[in-house]
Amino acid sequence: MRWAVVAGCAAAALAIGVPFAGDTTASGLDATVTAWIDGAFGGQPALLRLFVLPTEPVVLLPLLAIVVLACALGRRWDGVTLAVLGVAAPVALNTWVLKPLFDRMKYDYLAYPSGHTVSMVATLTVLVLLARPGIARAVTAGVSAVILVIAGIGLVGLGYHYPTDVAGGACFAVAVVLALSSPTRRLAPARSAGSPPAGTSSGSPPAASPR
């Protein structure tokens, strides 16, 4: 299932970006979504700047540091590795490979996929994967989705990106983090099936105290 999601997200990022490779204009869908955002949030730059705050390094780096520290204190070395590589890898690949490859310009910079979105979604995906399975993970995923929508509105409303830049960046980040999550799980500490329970040696019962 995990690899099916990886493949689907990677394919989506590719499918979204290919039609706009080398382009400098908005698509029809971009124009429609942007017009709605401008109509709903136009003239509120302070609010839009607040919306994009979760994409900024001043928020993401301290959050990642807390996650790494918490995992290290709990000896979750798989979590430490995922928190570091799960964000660094997609950001580096996006900056040095995907952006030049798609070559979609907005103003004077490469726009697809959105780097702000990649860094934020990679961080949020790491948090989802590290959350306890069940309600905690579901809540984390739901909150992350809401943050993505709000940040996307901010990035588009401020003119930083086209909506498709945000969508492609989100898909790419999820694909890379999920792909990295399987190898890093091998670093998780696990007690072997033959390990004796506490208070015993080699599985034998504890010796009786002398009377």
Side-chain angles (χ1 to χ4, degrees), residues 1-14 16-17 52-102 112-152 155 161 165-193 195:
M1 179 63 180
R2 184 183 299 262
W3 289 106
V5 176
V6 170
C9 288
L14 186 64
I16 294 171
V52 303
L53 192 59
T55 71
E56 298 292 345
V58 69
V59 172
L60 296 177
L61 291 179
L63 177 58
L64 279 173
I66 292 172
V67 172
V68 170
L69 178 60
C71 289
L73 291 175
R75 294 183 176 275
R76 294 186 61 182
W77 306 120
D78 59 327
V80 172
T81 305
L82 182 63
V84 175
L85 291 183
V87 177
V91 169
L93 287 171
N94 183 59
T95 302
W96 302 110
V97 179
L98 264 65
K99 281 181 177 287
L101 183 65
F102 285 106
Y112 186 89
S114 162
H116 283 81
T117 304
V118 168
S119 58
M120 182 189 71
V121 173
T123 303
L124 293 175
T125 304
V126 167
L127 292 178
V128 171
L129 292 175
L130 293 179
R132 187 183 300 276
I135 295 178
R137 180 168 292 177
V139 170
T140 305
V143 171
S144 296
V146 172
I147 292 174
L148 171 59
V149 172
I150 292 174
L155 290 170
H161 282 286
D165 299 335
V166 176
C171 291
F172 174 69
V174 171
V176 176
V177 177
L178 285 179
L180 289 172
S181 67
S182 291
T184 56
R185 278 162 53 179
R186 298 172 186 169
L187 298 175
R191 198 182 79 179
S192 64
S195 296

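Here the closest non-hydrogen pair linking Pro90 and Val177 is CG-CG2, 4.5 Å. Here the shortest heavy-atom pairing between Val68 and Val80 reads O-CG2, 3.8 Å. The nearest pair of heavy atoms linking Ala179 to Val6 is N-CG2, 3.7 Å. Residues Gly86 and Ala122 share a closest heavy-atom pair of O-CB, 3.5 Å. Closest of all the heavy-atom pairs between Cys9 and Val174 is SG-CG1, 3.8 Å. Summarising the geometry of Ser114 relative to Leu155, their closest heavy-atom pair is OG-CD1, 4.0 Å, with the distance given to 0.1 Å.
Looking at Thr117 and His161, their side chains never come closer than 4.5 Å, going by heavy atoms from C-beta outward. Here the side chains of Leu101 and Tyr112 are not in contact, with every heavy-atom distance at 4.5 Å or above. Using a 4.5 Å cut-off on side-chain heavy atoms (C-beta onward), Ser144 and Leu127 make no contact. Between Arg2 and Leu129, some side-chain heavy-atom pair lies under the 4.5 Å cut-off. Side-chain contact between Thr95 and Val91 is present, with heavy atoms from C-beta onward closer than 4.5 Å.
Considering SG of Cys71 and CG of Leu130, their distance stands at 5.0 Å, rounded to 0.5 Å. In this structure, the separation between CG on Leu63 and OG1 on Thr123 is 6.5 Å, given to the nearest 0.5 Å. Annotation: the span from Ser119 atom OG to Leu124 atom CG amounts to 9.5 Å, rounded to 0.5 Å. Distance check, rounded to the nearest 0.5 Å: CG of Asn94 to NE2 of His116 gives 11.5 Å. Distance check, rounded to the nearest 0.5 Å: CD1 of Ile16 to CZ of Phe102 gives 9.5 Å. With rounding to the nearest 0.5 angstrom, the OG1 atom of Thr81 is 10.5 Å from the CG atom of Leu180.
Across Ile147, Val87, Val59, a single residue satisfies side chain to side chain contact (heavy atoms under 4.5 Å, CB included) together with Met120, and that is Ile147.
Within a 6.0 Å radius of CD1 in Ile135, other residues, nucleotides and ligands contribute 12 heavy atoms or fewer.
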